[in-house]
Amino acid sequence: MQSGSNAGLFAINDGTIKNVTVKDASVTVSTQGGVISGVNKENGVISNCTVSDSIVAGTFTAKYSTSYRYWLNDGYQVGGIVGLNKGTVSQCINSNTDVRGWLEVGGIVGHNDGVVSQCASSGDINSTNSGIASNAQVNRMKWAAQSAYVWNGECAYGRAGGIAGYNGGEISDVFVSGSQDNEFVDIAGWNSVGGLCGKNEGSIKNAYSVGTKFTIPAHGSTFVFPSDSSYSGTYTWTSDVYVHPMTASQEKGTTENSFYAEIVNGSIPAQATKEGKRGNEKTIDEMKEDGIYKDAGWDFDNVWKIDPNTKLPTLQFIPVECKHANTEVVGAKDATCTEDGYTGDTVCKDCGEVIAKGDVIPATGHVWGEWVETKKATCTEAGEATRTCSKCGATETKEIPATGHHDDDKDGKCDGCGKDMQDLCDHVWGEWVETKKATCTEAGEKTRTCSKCGKTETEVIPAKGHNIEVVGKKDATCEEPGYTGDEVCKDCGATVSKGEVIPAKGHNTEVVGKKDATCEDEGYTGDEVCKDCGKVVSKGEKVPAKGHNDANGDGKCDDCGKDIGGGNHDHDSSDSHKGFAGFMNWLTRLLILVRHLLNMV
């Protein structure tokens with residue numbers, strides 16, 4: 001792949017690079033180099049790119065002068081993804097890629113002035129692993145200079161980190177951890193060497209670092225220059241070395257909501273110092289508790305998830321296939337005499353997946369012992385016998401039938417209880433035979449006989465009682481009485497009870513044909529007729545005509561207005577006529593009233 005300045009698959013990116021995967025690449029860098037791009041400019045975007053099993057390293061040059069002899073390992077701003085980032089790098093992975101240089105060397109970016117988010121690194125930074133000529137592993141050095149050293153020809157000058165050598169921008173939601181092939185991330189250098197960032201003057205948040213191994217030379221380290229082995233010697237410390245599992249040097253920057261595991265491997269010389277507090281130190285077991293990240297506000301809905309293999313957070317875009325390294329048998333159950341058992345399911349303790357289903361173990365069934373009589377049967381009561389399972393102790397009970405009464409010696413007594421057999425006989429009765437017929441008023445009898453012992457048994461047949469019907473019933477009329485009827489037995493003809501006379505109802509009368517008398521026509525009082533039977537109970541009478549009445553002498557009848565003659569009638573004659581007619585009219589009315597009253601009586 002490309003070598004020199006701005007080295008990488010793309011030298012300089014001012015657009016968008018995404019969905020690129022590179023494996024087994026080798027990039028030689030003098031300044032600003034990475035596997036994907038040497039430089040990512042302000043408008044550049046690098047996303048969803050993965051680099052694996054590759055190497056990015058500087059070149060070696062030997063230089064001499066009258067006062068100094070030094071060897072220069074180029075490789076300024078070297079990163080696994082990009083050397084210099086001023087744009088955006090997101091969702092990128094460095095997997096087992098060695099990144100080597102002399103200044104600002106990082107697993108994702110060498111120098112960051114932009115944004116790095118959702119990235120992960122498991123590669124070695126200035127590793128001592130083989131894979132490139134040893135002269136490319138020598139760092140800048142001045143002979144007898146106080147500010148540089150060489151240890152076995154393999155160390156960085158400074159500012160080395162698992163994500164970035166130098167950060168002046170924003171880094172968030174990133175992590176550094178060992179890989180499946182390499183348990184530790186090996187980070188080497190002499191000044192500002194951090195598990196996640198060498199020197200931080202920007203912001204870092206929601207990040208963690210585990211499994212970092214630091215290779216730092218101590219006093220008296222031997223150095224040998226690969227180009228000329230005659231030059232060798234030892235180095236003596238003259239200043240402190242800043243080393244930290246999270247961020248080594250942080251004078252202006254900030255680290256928030258971030259965590260790192262205690263150093264469990266690697267060597268840090270006594271002169272090295274952990275400058276300041278960078279995040280929260282936890283044990284490796286504490287790092288596997290997702291509660292510390294959720295309490296810190298990490299987004300487990302959209303950004304993070306828990307890796308079932310490591311129990312550590314990983315990014316959601318990174319596919320994780322559980323290796324099912326930790327399994328357990330769940331739901332195992334021994335078979336009993338009555339219930340099936342189960343061998344249990346093999347379940348992954350990390351992700352909960354059922355790896356293999358178990359098998360049903362058939363119930364074994366009881367192993368019964370002999371029946372033991374626990375209650376003796378008698379002539380009239382059943383006994384009991386019990387048996388016990390030798391495996392589970394379960395018991396089963398059965399009934400022993402009652403022996404029943406028996407007279408084997410034919411002495412008329414029960415051999416079991418001594419009672420009279422005829423009294424104890426389990427009778428077998430024949431049909432009932434009527435010996436006396438029941439009547440309406442007298443009970444009868446019936447008898448049955450036991451076919452075994454000849455004993456007889458008699459029962460009363462209740463009297464039947466009269467079978468009643470009503471005879472001679474007659475309804476009353478207007479003029480004739482009726483009769484309720486006699487109660488007579490239809491079977492024996494006996495009169496059980498006599499009936500009673502019902503009085504005649506009498507006529508229910510109404511007046512028919514009534515007509516009022518007028519001045520000239522006679523009237524009629526009307527006939528009294530029964531409404532029920534229609535009989536004329538009494539005849540009415542004629543009512544004489546009232547006659548004309550001219551009291552005022554105007555020649556017209558006062559009642560009907562009819563002209564009854566001239567107006568100059570003889571006064572005496574008129575008065576006389578008027579008086580007689582009125583008297584007769586009064587008398588007639590009186591007679592009608594008297595007759596009516598008599599009829600009512």
Side-chain angles (χ1 to χ4, degrees), residues 9 16-25 34-37 40 45-54 79-82 85 88-99 106-109 112 115-125 161-164 170-185 195-197 204-212 257-261 284 287-290 292-294 296-326 348 350-353:
L9 183 63
T16 298
I17 302 172
K18 64 179 181 180
N19 305 331
V20 176
T21 299
V22 179
K23 182 178 176 66
D24 297 324
V35 175
I36 300 299
S37 180
N40 187 38
V45 174
I46 299 176
S47 67
N48 196 29
C49 293
T50 299
V51 175
S52 63
D53 303 315
S54 300
I81 301 296
V82 61
N85 176 50
T88 299
V89 177
S90 66
Q91 295 189 345
C92 291
I93 300 172
N94 168 359
S95 176
N96 298 320
T97 292
D98 293 345
V99 186
I108 299 297
V109 298
N112 178 51
V115 174
V116 176
S117 66
Q118 296 190 47
C119 292
S121 176
S122 62
D124 289 344
I125 312 303
I163 295 294
E170 298 178 8
I171 297 177
S172 64
D173 297 309
V174 298
F175 70 92
V176 176
S177 69
S179 65
Q180 180 179 354
D181 299 323
N182 297 302
E183 184 179 359
F184 299 101
V185 178
L196 192 130
C197 180
I204 298 174
K205 63 181 179 180
N206 300 348
Y208 78 85
S209 171
V210 295
T212 51
N257 301 328
S258 299
F259 305 89
Y260 61 89
I284 190 63
M287 293 287 285
K288 295 178 180 180
E289 298 175 2
D290 61 358
I292 65 174
Y293 309 103
K294 293 178 180 178
W298 288 26
D299 184 356
F300 277 84
D301 292 328
N302 304 294
V303 178
W304 293 95
K305 65 183 176 182
I306 297 299
D307 186 329
N309 299 306
T310 64
K311 298 298 188 293
L312 291 167
T314 188
L315 296 164
Q316 289 197 11
F317 79 91
I318 300 176
V320 176
E321 182 178 353
C322 184
K323 299 179 179 62
H324 307 315
N326 299 309
C348 178
D350 295 327
C351 68
E353 182 179 341

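Count residues from 1 along the sequence.
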Check [X] against [Y] and note the closest heavy-atom contact, atom names and distance.
| X | Y | answer |
| --- | --- | --- |
| Ile81 | Ile93 | CD1-O, 3.7 Å |
| Asn94 | Gly80 | ND2-CA, 4.3 Å |
| Glu321 | Asn309 | O-ND2, 3.2 Å |
| Val22 | Ser54 | O-OG, 4.4 Å |
| Cys322 | Asp350 | SG-CB, 3.9 Å |
| Phe175 | Ser177 | CE1-OG, 3.7 Å |

[X] side, atom [atom1]; [Y] side, atom [atom2] - distance, nearest 0.5 Å:
| X | Y | atom1 | atom2 | answer |
| --- | --- | --- | --- | --- |
| Ile204 | Asp173 | CD1 | CG | 12.5 Å |
| Lys205 | Glu170 | NZ | CD | 7.0 Å |
| Ser117 | Asn206 | OG | CG | 11.0 Å |
| Lys288 | Thr310 | NZ | OG1 | 7.5 Å |
| Asn40 | Ile46 | CG | CD1 | 4.0 Å |
| Asn257 | Ser172 | CG | OG | 11.0 Å |

Does any non-hydrogen side-chain atom of [Y] lie less than 4.5 Å from one of [X]?
| X | Y | answer |
| --- | --- | --- |
| Leu315 | Val303 | yes |
| Lys18 | Val45 | no |
| Ser121 | Ile163 | yes |
| Asp53 | Ser95 | no |
| Ile108 | Val174 | no |
| Leu196 | Tyr260 | no |
| Leu312 | Tyr293 | yes |

request  = State whether the side chain of Tyr208 and the backbone N or O of Pro313 hold a donor-acceptor pair below 3.5 Å, judged by distance alone.
outcome  = yes
- Query: Sub-3.5 Å donor-acceptor pair from the side chain of Thr314 to the main-chain atoms of Ile306, do we have one?
  - Reply: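 Between the backbone of Ile306 and the side chain of Thr314 there is no qualifying donor-acceptor contact (under 3.5 Å).
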Any residue meeting side chain to side chain donor-acceptor pair (under 3.5 Å) with Asn19, in chain and number order, not counting sequence neighbours: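 Checked Asn19 against side chain to side chain donor-acceptor pair (under 3.5 Å); matches are Asn48.
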The side chain to side chain contact (heavy atoms under 4.5 Å, CB included) partners of Glu289 (sequence neighbours excluded) come to none
Practice problem: Please work out which of the three classes, parallel, tilted or perpendicular, describes the rings of Trp304 and Phe300, given edges at 30° and 60°. | Solution: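 Judged by the thresholds at 30° and 60°, the geometry between Phe300 and Trp304 is tilted.
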So the salt bridge (Lys or Arg N to Asp or Glu O under 4.0 Å) pairs with at least one residue in residues 301-310 (sequence neighbours excluded) are none
